[in-house]
Amino acid sequence: MTKSDLIAQLAERFPQLVAKDADLSVKMILEAMAEALSNGDRIEIRGFGSFALNYRPPRVGRNPKSGEKVNVPEKWVPHFKAGKELRERVDGSLESI
């Protein structure tokens, strides 16, 4: 599902919500989540999952095209961990496939 699919589904499910308002709502929620992560905070949505930051230390990598060694700097990367309810729903729906 893309962001525009989510906006369209919100506007369809809630007829009192104009598509423009659904768009603004989704953008504000995603912006708030990005801001929280950039501040180093953890995000937890009950029944869905949690977002946190994982630290990746500096390392020596390899350029796959030339084979030469490249220094890769340290970085923080976002990480999502699915909640129990989401895992169970996904697992249950995939068993029937």
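Starting from 1, each residue takes its place in the sequence as its number.
When the side chains of ILVMFWY residues are joined at heavy-atom separations under 4.5 Å, either directly or via intervening members, L30 and L10 end up in a single hydrophobic cluster. Put simply, V70 and V77 are part of two different groups of oily side chains (I, L, V, M, F, W, Y) that touch within less than 4.5 Å, one to the next. Note on L24: it does not cluster hydrophobically with L6, by side-chain heavy-atom contacts below 4.5 Å among ILVMFWY residues. Side-chain heavy atoms closer than 4.5 Å link hydrophobic residues (I, L, V, M, F, W, Y) into clusters, and following such links, even through other members, never connects L53 to V72.
Under the 4.5 Å side-chain criterion, counting only non-hydrogen atoms from C-beta, Y55 is in contact with P57.
Atom CZ of R42 sits in a crowded spot, with more than 12 heavy atoms from other residues, nucleotides or ligands closer than 6.0 Å. Shown here is E44, whose CD atom has more than 12 heavy atoms of other residues, nucleotides or ligands within 6.0 Å.
The one candidate from M28, E35, M33, K27 that meets the side chain to side chain contact (heavy atoms under 4.5 Å, CB included) condition with E31 is E35.
Between the CZ atom in F80 and the CG atom in L86 there is a gap of 5.5 Å [rounded to 0.5 Å]. Note: I45 CD1 to F51 CZ = 5.5 Å, rounded to the nearest 0.5 Å. The CD1 atom of I43 lies 4.0 Å from the CG atom of L37; values are rounded to the nearest 0.5 Å. Here the CD-CZ distance, from E68 to R62, works out to 10.5 Å after rounding to the nearest 0.5 Å. To the nearest 0.5 Å, the span separating CZ on F48 from NZ on K81 amounts to 14.5 Å. Distance check, rounded to the nearest 0.5 Å: OG of S25 to CD1 of I7 gives 9.0 Å.
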